[in-house]
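None of the values given here were measured: they were computed from a predicted structure.
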Amino acid sequence: GLFRMSGNFFVVLFRVVTNGTMAVSRAMVAAFADASKEGAKQGKSGGGILSALSGRSPSTMNVQEAKKILSVEKASTPEEIIKTYEKLFNSNNPSTGGSFYLQSKVYRARQVLEREGLLKIENTKDQKN
């Protein structure tokens with residue numbers, strides 16, 4: 001009884017986590033592919049993601065790229081966007097084996113959405129002293 005119920009719970013939990021991770025991964029890959037294409041259009045050497053983004057400030061990331069990185073859909077609420085931002089920011093923490101590069105892209109995406117008035121985040125964990 002109890003073991004079977006908890007086993008089903010873990011199967012469902014595993015599927016939810018796996019599907020969510022795959023969706024976020026697809027969105028990030030699409031955003032990075034767009035960044036790479038943009039770099040190639042601008043004539044930057046290599047045409048890769050790093051060359052596409054080199055020298056770019058948060059003000060040069062476009063809203064479409066920011067929305068892809070944070071998986072923003074038309075029906076996304078600010079709370080959902082914040083939750084996605086915090087999950088991506090924390091999961092890419094370099095001190096826990098994450099990527100500083102990806103974490104900075106997530107942070108820049110949040111800045112762009114804030115700048116455009118699409119999102120307001122106050123006192124997020126990464127901004128606390």
Nearest-0.5 Å distance that lies between atom [atom1] in [X] and atom [atom2] in [Y]:
{"X": "Lys83", "Y": "Ile81", "atom1": "NZ", "atom2": "CD1", "answer": "13.5 Å"}
{"X": "Glu65", "Y": "Lys68", "atom1": "CD", "atom2": "NZ", "answer": "8.5 Å"}
{"X": "Phe89", "Y": "Lys105", "atom1": "CZ", "atom2": "NZ", "answer": "14.5 Å"}

Over all atoms of both residues, closest heavy-atom pair of Arg115 and Met61: NH2-O, 3.8 Å
Considering only distance and modelled atom types, tabulate donor-acceptor pairs under 3.5 Å from the side chains of residues 69-77, sequence neighbours left out.
from  : atom 1 : to    : atom 2 : distance (Å)
Ser76 : OG     : Glu73 : N      : 2.8
Ser76 : OG     : Glu73 : O      : 3.3
Thr77 : OG1    : Glu80 : N      : 3.1

Which residues share a side chain to side chain contact (heavy atoms under 4.5 Å, CB included) with Pro94, sequence neighbours left out: Phe100, Gln103
With sequence neighbours excluded, residues passing side chain to side chain contact (heavy atoms under 4.5 Å, CB included) with Ser95: Asn93
Flag side-chain contact, heavy atom, 4.5 Å: Val63 against Lys67: yes
CA sep, side-chain torsions, deciding dist, call: Arg110, Val106, side-chain contact (heavy atoms from CB on, under 4.5 Å): CA-CA 6 Å; Arg110 187 203 80 188; Val106 170; over 6 Å; no
